[in-house]
Amino acid sequence: MEKTVVAICYDFDKTLATNDMQAFSFIPNLGLTTEEFWDLCADFRKKEGVDNIISFLYVMIDECKKKGIKLTKEYLNSLGRDVKFFDGVTTWFKRLNQHADSLGIQLEHYIISSGNKEIIEGSSIAKEFKGIYGCEFLYNEEGEAFWPKVAINYTLKTQYLFRIVKGAIEDENKVNDRIEKKHVEFRNLIYIGDGLTDVPCMTLVKEKGGYAISVYPTNKKEGSIKLLQDNRVNYACKSDFGSNSQLEKLVKLILESISIKEKLFDKENSQQIK
C-alpha cells in the first residue's frame, strides 16, 4: 500500500534557529552590531525603494566589500556551523520520522526561508531536509557574490508551498501546471513558523485544511497568541523541540490524525468504486 506523504515546512530564523542566521557570525565578522546592520538595510531600502529582501542581500555584498571579506559560497556555508538552535531541534527530525514511519506515513521536511540558503546548507541540520528554499547569490568567476540569484520575500514563500504540493521541487515551471496526482495534499501539510512574516504561509495552509503552528521562545508568546486569537494559526506552542515537549506531542497527534483520516478517505473511495 502506498504511504501517505506528509510534509512539515519550517521557517528557519527564530523558528528553528534562536536568532536571525546572520546574527551568529556574519554580522559580528563585519565589526557591526545586529542593530547597526539592520539599520543599514533599512536606510538603503528607504533611499532606493527596494524590497526588504533585496536590501539586505545588497548590504551583505556591499559591507563585505568594504571590510575586505570575500563573500563566497564556501564562506557562507562555513557560517552555518555557528548557528544555534532551540532545544531539541537537532534530534527532532529522527524522532518525528520514526513516529511517522510507525503510522505508515512518509514524512518529509522542508525549509522555506527569506534568509540565506547557503548559510542554512552549512548548518548541522541541513541533511534533514528534502528541500531547502532560501535566498541565494550569483557568484563571479572568482567565486564572490555580486548579485541576488533568488530573493524570497514573505508572500513569495507561499509559492514554495505549491511547489512542494505538486512535487515541483526543482522545476518552478510546473507550479502552474494542472496535475492529476499531487505529491502531497494541502490537508497533509504542517507549517511551523514564529511570527508575522510567516502569516501568508500560515494562512494559506490553514485555509486549505492543513495545520499552521506558531512557535515562540520563553516569555515571548504575545505574538503567537495574537495569531491564534486572529484565527491565523491552528496552534501556538513554546519553541521547545525536545522529546515529550508540548510541540512534539502536538505534531505527533497531528500525524496520528492524518493517518486515521487518510485510511478513512481510502476506505470511502474504495467503497464508492465498488
Checklist entry - Hey, does the side chain of S113 reach the backbone of G134 with a donor-acceptor pair shorter than 3.5 angstrom? => result no

Checklist entry - Has the side chain of D62 got a donor or acceptor atom that lies under 3.5 Å from a matching backbone atom of Y58? => result no

Item to check | Listed once per pair and sorted, the salt bridge (Lys or Arg N to Asp or Glu O under 4.0 Å) pairs that draw on residues 239-253, sequence neighbours left out | outcome: R95-E248, E248-K252

Checklist entry - Can you tell me if D20 uses its side chain to pair, donor with acceptor, with the backbone of A23 under 3.5 Å? => result no

Checklist entry - Quick one: CD on Q159 to CD1 on I152, what's the gap to the nearest 0.5 Å? => result 8.0 Å

Next on the checklist: Suppose clustering is done on Ile, Leu, Val, Met, Phe, Trp and Tyr with side-chain heavy atoms closer than 4.5 Å. Which residues sit in the same group as L138?
Outcome noted: F146, W147

Next on the checklist: Show every salt bridge (Lys or Arg N to Asp or Glu O under 4.0 Å) that has at least one partner inside residues 44-60, sequence neighbours left out.
Outcome noted: none

Checklist entry - Would you say K84 has more than 12 foreign heavy atoms packed within less than 6.0 Å of its NZ? => result yes

Item to check | Listed once per pair and sorted, the salt bridge (Lys or Arg N to Asp or Glu O under 4.0 Å) pairs that draw on residues 227-238, sequence neighbours left out | outcome: K226-D230

Checklist entry - Taking only residues two or more places apart in sequence, or in another chain, which ones meet F86 in a ring-ring contact (aromatic ring centres under 6.0 Å, His included)? => result none

Item to check | Pair listing, salt bridge (Lys or Arg N to Asp or Glu O under 4.0 Å) test, anchored in residues 138-159, at least two apart | outcome: D11-K157, K157-D198

Next on the checklist: Under a plain distance cut-off of 3.5 Å, with no hydrogens placed, do Y139 and E118 share a side-chain donor-acceptor pair?
Outcome noted: yes

